[in-house]
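Worth saying up front: this structure is predicted, and the values here are computed from it rather than measured. All residue numbers refer to positions in the sequence shown, counting from 1.
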Amino acid sequence: SLRWSTVNLMAELKTLNHHYKDMWVFPDAEDLAGLPAKATSLGKTRLLLWVTLILTVLGVVGFVMRASADGLSNYEPWGYYMAAFSFVFMVTAPAPLVSVAFRLIRSHWRRPLTRIAEIFALVGIVNFVLYIPLMLMIPEIANPNEIGHHSLDIRRTLWIQVPWGAPHFWETAAMFSLPLMSCLILLLSSTPDMSASIQYVTGAKKKLYVFLAGYWKGSKRQWLVMQAAIGALGGLYFLTLPFVQFLISTDLGMSLIAGWKDSIFPAIYTLMGFQTSLAAILIVLYVFRKWGGYERFIGASPFWSASKILLGLSLLWIYHMFAFFITFWYGRMEVEQNILNYLFVDSWFWIFILNALGSWLIPFGILVWNPVRRADWGAPLAGVFVLFGALMFNVRTFVGAFNAGREQIYDISITVVPPAVAPDIWDLFMLIGVIGLAGLVYLIGLKIFPVMNIWEIKEGAMYQKMGRLFRGNYLVLAKPE
């Protein structure tokens, strides 16, 4: 049997050393019975809601002032808006895929973090809305000016033959598909939990739960259909997300710097998406464990297991960045040297140093130590630096791309290295406002949906226990598949 009595389980736990007590948790029947009521009452979040709301208002003010002064026809003044959008998209878009991927490979340690990851799907709606003004700014692919000896009739971009609807229709459709699929994954995954929590909620929230999950009876057919649907949507999301990341990194990055041709940069952008999403999920998970009262449901094992992945992604970042840099440095072409001088060693040098410190050196220095990786605070601490490094990466890349000179985008290559562009007050307002809006929507999502994946945590409690073999204590996992 997969169930054990509370008495026997607590007797087993008394034989464990401190390491295992902190590493794995085994909720008893009383804990699991109270989880639906606990997961649907977030607690005191009014201060955070007000802070993110104020930041959002500042962002709206910055956007309105920038639009009234510069309009939407010229993309150059909007570099910091683009950097803010790209940062939020980079952090939030891959988060639902983290949940799906760990579920597909049957990782038991992922159970406490799946719902935290899936709620990021709601921020995908914000990403789509923020993307609309950027679509209006993308310059024409065909050169509207007279073609000279150093210019092209069609600027270098992903859309070589300029098919119908390119780039606006296809990119908008791709961007819209991400929040559509991720929100469906969130809805499917949370349906059993909302059904089990109807009796613990009141008012509009109860009406919403009845409307979304009132049909759920928990039959075998419903469980099989739900899991198959999540798997199918997760597979489609896995195929679509790298494509959209490729579109953003090329059409809103590389194509705006004349002569920038690189197959490694989109891979770096995709890699950093998984790195930053995992970092953000672990930070939120640590907050729930430390201050949210979920110690009985969140052990140190999710942080320990995820820290190894985060360490690997940090090492992959420096590997890809070195491959990018050495290719251009060794090529020695004038356009390659100009791009390196612009984005790395001259104009944006100090921002690149901050980017490298946050995305690679500091996380590596933290996570390389075994005791730190095993601690619940190690991976979240590294995650804070990862998010900072990603912000610097997006500022360096996209502010740089937007301000490389509109007059040169139809040229064969960039011939002049522009200076870095510092933000003004409206840029700062938009930067913090976009991040604040993402935080506001995520907090609202935490208040609407159960913050823990109740059915997966209950399932995990039936599949695992601590057992003794000779003189050692070992985690015993049941494999129903």
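- Take Y75 and apply the ring-ring contact (aromatic ring centres under 6.0 Å, His included) test, not counting sequence neighbours, and it matches F402.
- G383 and A279 make their closest contact through CA-CB, 3.5 Å (heavy atoms, listed as atom of the first residue, atom of the second, distance).
- Listed for the R373 side chain is no donor-acceptor partner under 3.5 Å among the backbone atoms of A379.
- Taking the side chain as every heavy atom from C-beta outward, V88 and I435 approach each other to under 4.5 Å.
- A donor-acceptor pair under 3.5 Å is absent between the side-chain atoms of R115 and the main chain of V451, judged by distance alone.
- Side chain of K38 to backbone of G293: a donor-acceptor contact under 3.5 angstrom is found.
- Going from atom CG of L282 over to atom CG of L113 covers 7.0 Å, rounded to the nearest 0.5 Å.
- With sequence neighbours left out, the ring-ring contact (aromatic ring centres under 6.0 Å, His included) criterion links Y410 to no other residue.
- Looking at heavy atoms from C-beta onward, F388 lies out of side-chain contact with I362 at the 4.5 angstrom threshold.
- Two residues are said to be in side-chain contact when any heavy atoms from C-beta on lie closer than 4.5 Å; C183 and I125 meet this criterion.
- Separating the NZ atom in K308 from the CG atom in L367 is a distance of 12.0 Å, to the nearest 0.5 Å.
- Residues I298 and M452 meet the side-chain proximity criterion, which asks for heavy atoms closer than 4.5 Å.
- Shown here for P450 and D193, the closest heavy-atom pair between the two residues is CG-CB, 3.9 Å.
- Note that OG of S263 is 9.5 Å distant from CD1 of I268, once rounded to the nearest 0.5 Å.
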With side chain to side chain contact (heavy atoms under 4.5 Å, CB included) as the test, would you mind laying out the steps for V98 and F120 before giving the verdict? CA-CA 11 Å; V98 171; F120 278 104; over 6 Å; no
Given W291 and Y286, is the side chain to side chain contact (heavy atoms under 4.5 Å, CB included) satisfied, shown in steps? CA-CA 8 Å; W291 297 287; Y286 180 76; 4.1 Å; yes
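- The two residues T276 and L387 come nearest to each other via the heavy atoms O-CD2, 3.7 Å.
- Judged purely by distance below 3.5 Å, without hydrogens or angles, the side chains of Y269 and S86 pair a donor atom with an acceptor atom.
- Ring centers of W109 and F102: under 6.0 Å apart, within the cut-off.
- The backbone N or O of F274 lies less than 3.5 Å from no partner atom in the side chain of S277, so there is not a single donor-acceptor pair.
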Let me check something: any side-chain donor-acceptor pairs from residues 42-51 under 3.5 Å, sequence neighbours excluded? List them with distances.
unit_1: T45; atom_1: OG1; unit_2: K447; atom_2: NZ; d: 3.4

Could you pull out every donor-acceptor pair under 3.5 Å between side chains of residues 339-353 and any protein atom, sequence neighbours left out?
unit_1: N341; atom_1: ND2; unit_2: Q337; atom_2: O; d: 3.1
unit_1: Y342; atom_1: OH; unit_2: G400; atom_2: O; d: 2.6
unit_1: S347; atom_1: OG; unit_2: P418; atom_2: O; d: 2.5

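- Residues T52 and Y442 are not in side-chain contact: their nearest non-hydrogen atoms beyond the backbone lie 4.5 Å or more apart.
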Considering only distance and modelled atom types, tabulate donor-acceptor pairs under 3.5 Å from the side chains of residues 128-141, sequence neighbours left out.
unit_1: Y131; atom_1: OH; unit_2: E171; atom_2: OE1; d: 2.6

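- Smallest separation of non-hydrogen atoms from I457 and P112: CD1-CA, 4.5 Å.
- Closest heavy-atom contact between Y80 and V399: CE1-CG1, 3.6 Å.
- Here R155 pairs with nothing under the salt bridge (charged side-chain N to carboxylate O under 4.0 Å, His left out) rule; sequence neighbours left out.
- By the 6.0 Å contact criterion, NZ on K290 is open, its count of non-hydrogen atoms from other residues, nucleotides or ligands being 12 or less.
- The CG atom of L354 lies 10.5 Å from the OG atom of S359; values are rounded to the nearest 0.5 Å.
- Side-chain contact between V335 and I414 is present, with heavy atoms from C-beta onward closer than 4.5 Å.
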For residues 235-248, which side-chain N or O atoms pair as donor and acceptor with protein atoms under 3.5 Å away, sequence neighbours left out?
unit_1: Y237; atom_1: OH; unit_2: A93; atom_2: O; d: 2.5
unit_1: T240; atom_1: OG1; unit_2: L236; atom_2: O; d: 2.8
unit_1: Q245; atom_1: OE1; unit_2: T270; atom_2: OG1; d: 3.2

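- No side-chain heavy atom of V434 sits under 4.5 Å from any side-chain heavy atom of F89.
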Go through the steps for L208 and F449 under the test side chain to side chain contact (heavy atoms under 4.5 Å, CB included), then give the verdict. CA-CA 10 Å; L208 178 65; F449 293 93; over 6 Å; no
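- Note that CD1 of I444 is 6.5 Å distant from CD1 of I448, once rounded to the nearest 0.5 Å.
- Interatomic distance, OG1 of T56 versus CG of L437, reported as 4.5 Å (0.5 Å rounding).
- Taking Y81 as the reference, F63, W78 meet the ring-ring contact (aromatic ring centres under 6.0 Å, His included) condition, with sequence neighbours excluded.
- In this structure N127 satisfies the side chain to side chain donor-acceptor pair (under 3.5 Å) test together with T92, sequence neighbours excluded.
- Annotation: side chain of D262 is in contact with side chain of M254 (closest heavy-atom distance under 4.5 Å).
- In this view, R103 and E118, E456 satisfy the side chain to side chain donor-acceptor pair (under 3.5 Å) rule, not counting sequence neighbours.
- The minimum heavy-atom distance between V91 and A280, with the atom names listed, is CG1-CB, 3.7 Å.
- Residues forming a ring-ring contact (aromatic ring centres under 6.0 Å, His included) with F169 (at least two apart in sequence, or on another chain): W164.
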Go through D427 and R66 one step at a time and tell me if the side chain to side chain contact (heavy atoms under 4.5 Å, CB included) criterion holds. CA-CA 8 Å; D427 291 328; R66 175 65 70 218; 3.0 Å; yes
Donor-acceptor pairs are to be reported for all side-chain atoms of residues 310-322 against protein atoms at under 3.5 Å, with residues two or more places apart or in another chain.
unit_1: S314; atom_1: OG; unit_2: Q275; atom_2: NE2; d: 3.3
unit_1: S314; atom_1: OG; unit_2: L310; atom_2: O; d: 2.9
unit_1: H320; atom_1: ND1; unit_2: L316; atom_2: O; d: 2.9

